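What you see is a predicted model; the values in this text were computed from it and never measured. Residue indices begin at 1 and follow the sequence shown.
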Amino acid sequence: MAGEGAGVGGDGRQRLLAARDACTRTVSPHHDEVPHHVARRARGEGSLGKADLGALLWKRLRADTRWAGALMAVAEAEARRATAAAVRDPSLGRRTAAEAGRAALAGLPGFASGDAPASAVLTAAAPDRRAVYDRRAHAGLRALGIPLPHSRGRYGRYLDAIDRLLAAAPGPARTWTPRETDTALACLPSLSPAPPSA
């Protein structure tokens, strides 16, 4: 992973800025209201409960899927224990905290594999330190020439790639949170491809 993100040229960085602007213009300002509400509760309570998980995962939740039924059967205290371990991390580096949080969630039904649902929960647990991972953000990294292998530990590597992007970003993007960066990455593939270099 050494050097990933640092090699993005000026054109790639400008495309990332343009993607963020495009998202800001086209995505409703109310889009993240539920995750923000859940994040406030997580800060106050130090964990997330099953209602919080349902609010964050509503697009993926169907009562007739095996993992959703298994999650409903988990005790509230067990869900809160797992998510509390994902919330308490301010002393750890961003990647280390993300990996620890991801591991803490792995015991809950629906979180054993795949980073998209877990990343939504982890981002709500620490919104200024984490980012949502999905196939669109992955495609955004790929569009910038940043590889992200699908092997174990991907979420930590994803945050590491975002950190590298932000470190090499032009002035306006250096103050972005990881969440603002994942939004730009998700919008990047929908923009026209980069023009060929002269």
Side-chain angles (χ1 to χ4, degrees), residues 4-44 48 52-61 86-87 90 94-95 97-98 101-102 114-148 154-197:
E4 287 181 21
V8 174
D11 179 63
R13 292 191 291 271
Q14 291 307 315
R15 289 174 61 217
L16 193 62
L17 287 171
R20 176 74 177 138
D21 289 343
C23 276
T24 302
R25 286 191 309 273
T26 58
V27 175
S28 167
H30 307 293
H31 182 269
D32 275 350
E33 283 181 339
V34 169
H36 290 316
H37 177 72
V38 172
R40 281 192 301 274
R41 286 194 351 204
R43 269 194 306 272
L48 290 92
D52 300 314
L53 297 177
L56 293 171
L57 303 176
W58 68 271
K59 289 186 277 188
R60 291 180 173 85
L61 245 130
V87 172
R94 194 181 336 244
R95 180 177 179 166
R102 180 69 189 90
D115 292 318
S119 73
V121 173
L122 292 168
T123 301
D128 295 331
R129 293 171 48 83
R130 300 196 183 132
V132 173
Y133 168 85
D134 61 17
R135 60 183 168 74
R136 295 175 311 140
H138 193 123
L141 284 177
R142 194 170 39 249
L144 292 174
I146 301 171
L148 185 66
R154 176 179 54 192
Y155 187 64
R157 290 191 305 276
Y158 172 63
L159 286 182
D160 195 41
I162 285 177
D163 280 346
R164 291 173 189 278
L165 266 177
L166 291 176
R174 280 197 196 118
T175 60
W176 289 357
T177 64
R179 176 65 179 128
E180 289 169 317
T181 308
D182 85 54
T183 303
L185 286 170
C187 288
L188 186 62
S190 65
L191 297 179
S192 58
S197 36

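Here the closest non-hydrogen pair linking Ala131 and Pro178 is CB-O, 3.4 Å. Closest of all the heavy-atom pairs between Leu56 and Ala120 is CD1-O, 4.0 Å. The shortest heavy-atom contact between Ala42 and Ala125 is CB-CA, 4.4 Å. For the residue pair Leu122 and Ala98, the shortest heavy atom distance occurs at CD1-O, 4.2 Å. Thr175 and Glu180 make their closest contact through O-OE1, 4.1 Å (heavy atoms, listed as atom of the first residue, atom of the second, distance). The two atoms that bring Leu166 and Ala173 nearest to each other are CD2-O, 3.3 Å, heavy atoms only.
In this structure the side chain of Leu148 reaches within 4.5 angstrom of the side chain of Arg157, judged on heavy atoms. Between Leu185 and Arg136, the closest side-chain pair of non-hydrogen atoms is not below 4.5 Å. In this structure, the side chains of Tyr158 and Asp182 come closer than 4.5 Å at one or more pairs of heavy atoms. Within the 4.5 Å cutoff, the side chain of Asp32 has heavy atoms near those of the Arg179 side chain. Gln14 is listed as a side-chain neighbour of Leu17, based on a closest heavy-atom distance under 4.5 Å. Residues Leu16 and Leu144 have side chains in contact (heavy-atom distance under 4.5 Å, counting atoms from C-beta outward).
For the atom pair CZ (Arg40) and CZ (Arg43), the distance works out to 7.5 Å, reported to the nearest 0.5 Å. Asp128 CG to Arg94 CZ: the interatomic distance, rounded to the nearest 0.5 Å, is 9.0 Å. Atoms CD1 and CD1, on Ile146 and Ile162 in that order, are 9.5 Å from each other to the nearest 0.5 Å. Between Asp52 atom CG and Leu57 atom CG the span is 10.5 Å, to the nearest 0.5 Å.
The number of heavy-atom neighbours closer than 6.0 Å to CZ of Arg174, taken from other residues, nucleotides and ligands shown, is above 12.
Of the listed residues (His36, His30, His37), just one forms a side chain to side chain donor-acceptor pair (under 3.5 Å) with Glu33, and that residue is His30.
Tyr155 places no side-chain N or O within 3.5 Å of a backbone atom of Gly114 that could act as its donor or acceptor partner.
A salt bridge does not link Asp21 to Arg25: none of the charged nitrogens lies less than 4.0 Å from a carboxylate oxygen. Between Asp163 and Arg95 there is no salt bridge, since no side-chain nitrogen of the basic residue lies less than 4.0 Å from a carboxylate oxygen of the acidic one.
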